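None of the values given here were measured: they were computed from a predicted structure. Below, each value reflects all heavy atoms present in this structure, side chains not excepted, and no hydrogens, waters or symmetry copies. Just so we're on the same page: letters track the sequence lines, and every chain starts at 1.
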There are 2 protein chains.
Amino acid sequence: MPMGEYQPESERINESLKSLGLTKYEALVYMALLQVEGATATEIHEISGVPRASVYSVIDKLIHKNIVNISNTTPKRFSAVPPDEAVRSLMGTIKNDADLALNVLSNLYETRQNRSEGRQEFIWSISGQENIKLKLKEALISAAKEVFLMSKWDFIEDSLLNTLYELNSSVRVEIVTDKWEKKIPSNTNVLLLKEFNKCNAKIANSASGVYIIDKKKVLLIMDSESDEADTSALYSESYGFVNFFLTYWNFVNRHLKHSHETEIISSD
Amino acid sequence: MPMGEYQPESERINESLKSLGLTKYEALVYMALLQVEGATATEIHEISGVPRASVYSVIDKLIHKNIVNISNTTPKRFSAVPPDEAVRSLMGTIKNDADLALNVLSNLYETRQNRSEGRQEFIWSISGQENIKLKLKEALISAAKEVFLMSKWDFIEDSLLNTLYELNSSVRVEIVTDKWEKKIPSNTNVLLLKEFNKCNAKIANSASGVYIIDKKKVLLIMDSESDEADTSALYSESYGFVNFFLTYWNFVNRHLKHSHETEIISSD
DNA sequence: TAAATGTTGTCACAAAAATAACAACACACA
DNA sequence: TGTGTGTTGTTATTTTTGTGACAACATTTA
């Protein structure tokens, strides 16, 4: 096959099936069988490009995975179970493994050595939107006294608001953002800074922001310059790190409160 | 490593994590990190047995999979995302791939070449409990006139009864089984054969049975002698196959109806 | 019928890719 | 200076992919 043979589609589907536990050949054979019902080994070979001699062993594996059936004729003929059933079946065994793994892993996790003393001196890089949101939620819920946060409204509304409503009402919350369109949670001050957008206007759906919990924990979320999906965050309880952001917060706050561009609203 | 090193547990968990997309090393390192929070590369190496030099590249992969975070200290320290989140995250990406795959596969399946003419001459081996039950249900639902079935009550109650209740009432159903404890579906005759158990008493929870649909399709379910889980079935629309079982059915039926051991009940 | 031809299922093993393991080295830090 | 870290590159080992040979049959042809 000369030329570029540009088959991003084919590549993608192969990748997908790989993560369902199929090898390249298994994927190709299964796809061939979907196209031609009751194909022989030779036909499968012709359609899929998998070497004829390899078809048999590959089929064996697929039969064990319960996504291919076999006839008793000569030549043997093979048929694929419908894709929805196949995917469901494969996902099922994966789910099983996941549950099994989760059991064992949870045990390990519970009996782990706690070095939380030292932990607080480190600055942790967290990657992955989901991870970051989870860490953020965890940190917010742990708040005892006060939370300072600075972030765009879109992100607050999307990922934060529910958590904020659920905070213990004894926790004072100070928020700096660009707009506010919902009910303001109890014990909360909101500083509306309309030019917020100008500061990081580049990215439409920015998740970036700073979160300071009880003057002890800081989570700093940063957009990646290139890839929107690849957000990263820093989390720390270290004195220096927290202190820097506290100072930063105070500075910004003082300026904003005296600016004409700023509007202050609160839950009272 | 001499000696047996008998670690079935460790093997199992490794297999499980493998189907979640982790390699052996990735699994080992992640498990080590669960045990010791904020471990260094060397500590990970000591706990997991993974060569120290490999730890770094393995960690990189785990970070990309969003199940490990990293500190900015020297030496670098690493921490694991809690197992429930990690498994959820891994399952999530797999689910994504599954959906993507299902899309493409469904397309292939819909545009497949239909060779249903020839298909009916084959006898298909179907493996996997789920597959078999699905095929059975499909066949039953397709019934237009009559269904003959012979199977143990446990299996009927467990996997068949709902389908039977939902059959079109114009379909006549004849059942041979060992007992009947629920309402009898409409247009149905049940032949109770109390010594049914003696015939295949070996297996407690037997799924084996014969199903004849419209005198055209036969599904024969067989228990595997050794492994209960590894049931297999034959399905065919071929004349010879169907005929054999029709004859068999008639023979058995005639005998049973005149036997003192048999009790006949019906929905009328 | 017998020889020639073609197809199927199986096996053994070669080639390539992915993982795993090791060795070497530059660098930091005490 | 010496110990331990982080990085790189090279070498096994394992898994997957690919090839060729072959016996068992079936089909054609003479």
Problem - Rounded distance in Å - NE2 (His45(A)) to C1' (dT7(C)) - result: 12 Å
Handout entry: Spacing of Lys24(A) atom NZ relative to dA16(C) atom P, expressed in whole Å
Key = 13 Å
Problem - From dG6(D), dT8(C), dT16(D), nucleotide with atom closest to Pro75(A) side chain - result: dT8(C)
Exercise for the section: For dT10(C), take OP1 and OP2 only and decide whether either is under 4.0 Å from a side-chain N or O of Lys76(A). Expected result: yes
Exercise for the section: Could you tell me the separation between the NZ atom of Lys61(A) and the C1' atom of dT17(D), rounded to a whole number of Å? Expected result: 9 Å
Exercise for the section: Output the single nucleotide from dA23(C), dT5(D), dT10(C) whose closest atom is nearest the side chain of Arg52(B). Expected result: dT5(D)
Exercise for the section: Rounded to the nearest angstrom, tell me the gap between atom CG in Asp60(A) and atom C1' in dT17(D). Expected result: 16 Å
Fill in the blank from the handout: Whichever of Ala53(A) and Lys18(A) has the more 5' nearest nucleotide on DNA chain D, that residue is Lys18(A)
Practice task
Please confirm whether Phe148(A) and Trp249(A) have ring centers closer than 6.0 angstrom.
Solution key: yes
Exercise for the section: Check whether any side-chain N or O of Asp223(B) sits under 3.5 Å from a backbone N or O of Ala207(B) as a donor-acceptor pair, and report yes or no. Expected result: yes
Exercise for the section: Verify the distance criterion only: is there a donor paired with an acceptor across the side chains of Lys217(A) and Ser142(A) at less than 3.5 Å? Expected result: yes
Practice task
Return the value, rounded to whole Å, for the distance between atom CD of Glu26(B) and atom C1' of dT19(C).
Solution key: 10 Å
Fill in the blank from the handout: Rounded to whole Å, the CD1-P distance (Ile70(B) to dT7(D)) equals 8 Å
Practice task
Determine the contact category for Pro51(A): base if any of its heavy atoms lies under 4.0 Å from a base atom, sugar-phosphate if only primed atoms, P, OP1 or OP2 are that close, otherwise nothing.
Solution key: base
Handout entry: Note: Asp84(A)-Arg88(A) ion pair, threshold 4.0 Å (strictly below)
Key = no
Exercise for the section: Let me know the distance between CD of Glu43(A) and C1' of dT7(C), rounded to the nearest Å. Expected result: 12 Å
Exercise for the section: Indicate, with a heavy-atom threshold strictly under 4.0 Å, whether Ser54(B) touches base, sugar-phosphate, or nothing. Expected result: base
Practice task
Calculate the interatomic distance between Asn14(B) atom CG and dT19(C) atom P; express it in whole Å.
Solution key: 14 Å
Exercise for the section: Answer with base, sugar-phosphate or nothing: what part of the nucleic acid does Thr42(A) contact at a heavy-atom distance below 4.0 Å? Expected result: sugar-phosphate
Exercise for the section: For the pair Ser54(B) (side chain) and Val50(B) (backbone), establish whether a donor and an acceptor sit closer than 3.5 Å, ignoring hydrogens and angles. Expected result: no
Handout entry: Out of dA20(C), dT5(D), dT16(D), whichever nucleotide has its closest atom nearest the side chain of Tyr56(B)
Key = dT5(D)
Problem - Any Thr23(B) side-chain nitrogen or oxygen under 4.0 Å from OP1 or OP2 of dA20(C) - result: yes
